[in-house]
There are 2 protein chains.
Amino acid sequence: MNTKDAVVILFSLAQGARLEIFRLLVQAGPAGLAAGDIATRLDMPASTLSFHLKELAHAGLVKPLQSGRFIYYSAAFDVMNGLLAFLTENCCEGAQDCCVSAVCQAESA
Amino acid sequence: MNTKDAVVILFSLAQGARLEIFRLLVQAGPAGLAAGDIATRLDMPASTLSFHLKELAHAGLVKPLQSGRFIYYSAAFDVMNGLLAFLTENCCEGAQDCCVSAVCQAESA
DNA sequence: ACAACATTTCTATATTAGTGGAAATATAGA
DNA sequence: TCTATATTTCCACTAATATAGAAATGTTGT
C-alpha cells in the first residue's frame, strides 16, 4: 500500500452516505447485501447509491458479486486491514506502544 | 464516536497532502514537529500547510502546542485508535475473526 | 420475444475543496 | 520599540464532488 492507494480508500470512506454503506456491509458480514437492499435500508435513491458503491468498489473496499438479477456487495476486510496497518506504519520511530496498542488490547480483552 | 465524527476524521486524512502530514507526525512521535519543519520537509507553501493543519486539528487528529514562536503539531493516537475501533465495530455480526485480527496479529508477532 | 425487475449510466445543478501569494498577527530578542 | 522569524488569515481562482430524475442496460421466467 502506498500513499495514493490509501488516499483513494480514505476518500471512499470520508463521506456520510458511503461510510454508512460500508458499516452496513461490515455488519452484514462476508455474505454482503444486494444493492436494492442497501438502498431500502438507507432510504437512498438507486442512482445515488450506485454512485457511492462505484466509489467504494473503485477503492477496493467493497466487492460486487452478481447473482441472478441481484448484485451482492460485501466489505473487503483485507483491504481495510491493509489501510489500518499503513496508517500506523513506522509509528513513533519504533516505539509501537503509543500507537495501535489500544485497539489490540480492546480486541483481546 | 459517531458517524459524523468519523466522517470528519476520515475526510481530514483523505487528501494527499494531509495524509503525508499525518504520517510524518506519526513517525515523529509524541514530541511532534514545528509547522515550519513540516513545510520544509514536505516542500509545501506555509499557507497551504496551515490550511491542511487546520483541517487535521479540526478533526482532532493532530494537536498543536505553542512553544515560543514555534507551534509543534503531534499526532493524536487516541483519536486514531477510536476511529479504527469505530470502523470495525459490530464486525461480521460478532465473528470478529474476519476483521481487525490481521492487524493485531501483525503487531504482536 | 416480451414483461418485470435490478442496477447502472447519463445529465444537469448546486455546493464544496485545494492552492498559493500577499497581508496580518504573534512571539522573541536586542 | 524595532526587527527578524513563525504562523495564520484573507482572497481569488480553478476544479472536483454529491445529488437525483430519466433513460439505458442487463437478467430472469414465461
Side-chain angles (χ1 to χ4, degrees), chain A residues 3-25 28 31-76, chain B residues 3-25 28 31-76:
Chain A
T3 302
K4 285 200 171 178
D5 296 333
V7 166
V8 171
I9 298 171
L10 287 163
F11 179 85
S12 78
L13 287 173
Q15 208 278 340
R18 287 197 294 267
L19 183 55
E20 291 203 337
I21 294 167
F22 181 75
R23 274 166 59 78
L24 187 61
L25 293 179
L33 291 173
D37 201 351
I38 300 171
T40 301
R41 295 192 196 213
L42 299 182
D43 192 27
M44 191 177 294
S47 66
T48 300
L49 174 66
S50 186
F51 170 82
H52 290 307
L53 282 174
K54 194 176 166 189
E55 199 71 46
L56 285 164
H58 171 242
L61 262 184
V62 305
K63 283 183 287 194
L65 178 65
Q66 182 125 21
S67 172
R69 282 185 285 195
F70 301 88
I71 300 180
Y72 289 87
Y73 284 88
S74 59
Chain B
T3 301
K4 284 200 173 178
D5 296 333
V7 167
V8 171
I9 298 172
L10 287 163
F11 179 85
S12 78
L13 286 173
Q15 208 276 341
R18 288 197 292 268
L19 183 55
E20 291 203 336
I21 293 167
F22 181 74
R23 274 166 59 79
L24 188 60
L25 293 180
L33 290 173
D37 202 351
I38 300 171
T40 301
R41 295 193 196 213
L42 299 183
D43 192 27
M44 191 178 294
S47 66
T48 300
L49 174 66
S50 186
F51 170 82
H52 290 306
L53 282 174
K54 194 176 166 188
E55 200 69 45
L56 285 165
H58 171 241
L61 262 185
V62 305
K63 284 182 287 196
L65 178 65
Q66 182 126 19
S67 173
R69 282 184 287 193
F70 301 88
I71 300 180
Y72 289 88
Y73 284 89
S74 59

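Below, read A as the first sequence line, B as the second, and so on, with proteins coming before strands; counting in each chain starts at 1.
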Spacing between [X] atom [atom1] and [N] atom [atom2], to the nearest angstrom:
X: A:M44; N: D:dA20; atom1: CE; atom2: P; answer: 9 Å
X: A:L10; N: D:dT17; atom1: CG; atom2: C1'; answer: 17 Å
X: B:Q66; N: D:dT5; atom1: CD; atom2: P; answer: 18 Å
X: B:L49; N: C:dT19; atom1: CG; atom2: C1'; answer: 13 Å
X: B:I71; N: D:dT9; atom1: CD1; atom2: C1'; answer: 13 Å
X: B:L53; N: C:dT19; atom1: CG; atom2: C1'; answer: 15 Å
X: A:L19; N: D:dT17; atom1: CG; atom2: P; answer: 18 Å
X: B:D37; N: D:dT5; atom1: CG; atom2: P; answer: 17 Å

Handout entry: Who pairs with C:dC5 - Watson-Crick or G-U, where each distance is under 3.5 Å
Key = D:dG26
Handout entry: Nucleotide opposite C:dT13 in a Watson-Crick or G-U pair, distances under 3.5 Å
Key =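 When the pairing criteria are applied, D:dA18 turns out to be the nucleotide that pairs with C:dT13.
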Where the side chain of [X] is defined as all heavy atoms beyond and including C-beta, which of [options] is the nearest nucleotide?
X: B:A35; options: D:dT7, D:dA18, C:dT7; result: D:dT7
X: A:K54; options: C:dT9, C:dT8, D:dA6; result: C:dT9
X: B:A46; options: C:dG18, D:dT8, D:dT17; result: D:dT8
X: B:Q15; options: D:dA18, D:dT8, C:dG18; result: C:dG18
X: B:R18; options: C:dG20, C:dG18, C:dT8; result: C:dG18

Problem - Pairwise side-chain contact, A:R41 with A:D37, heavy-atom cut-off 4.5 Å (strictly under) - result: yes
Problem - Residue pair B:L25 / B:I38, side-chain heavy-atom distance below 4.5 Å - result: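 Heavy-atom side-chain distance check passes, below 4.5 Å.
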Between [X] and [N], is there a side-chain N or O to OP1/OP2 distance below 4.0 Å?
X: B:S50; N: D:dT8; value: yes
X: B:T48; N: C:dT19; value: no
X: A:Y73; N: C:dT8; value: yes

Handout entry: Heavy-atom closest contact (B:M44 atom, B:L49 atom, distance)
Key = SD-CA, 3.8 Å
Exercise for the section: Just call it for A:A39: base, sugar-phosphate, or nothing, with non-hydrogen atoms closer than 4.0 Å on any strand. Expected result: nothing
Exercise for the section: Return the 5'-most residue of the pair B:S47, A:A17 with respect to DNA chain D, ranking by each residue's nearest nucleotide. Expected result: B:S47
Problem - Along DNA chain D (nearest heavy atom to each residue), the more 5'-positioned of A:R69 and A:H52 - result: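 Comparing both residues, the 5'-ward one is A:H52.
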Check: [Y] main-chain N/O paired with [X] side-chain donor or acceptor under 3.5 Å:
X: A:E20; Y: A:F22; result: no
X: A:R18; Y: A:S12; result: yes
X: B:T40; Y: B:G36; result: yes

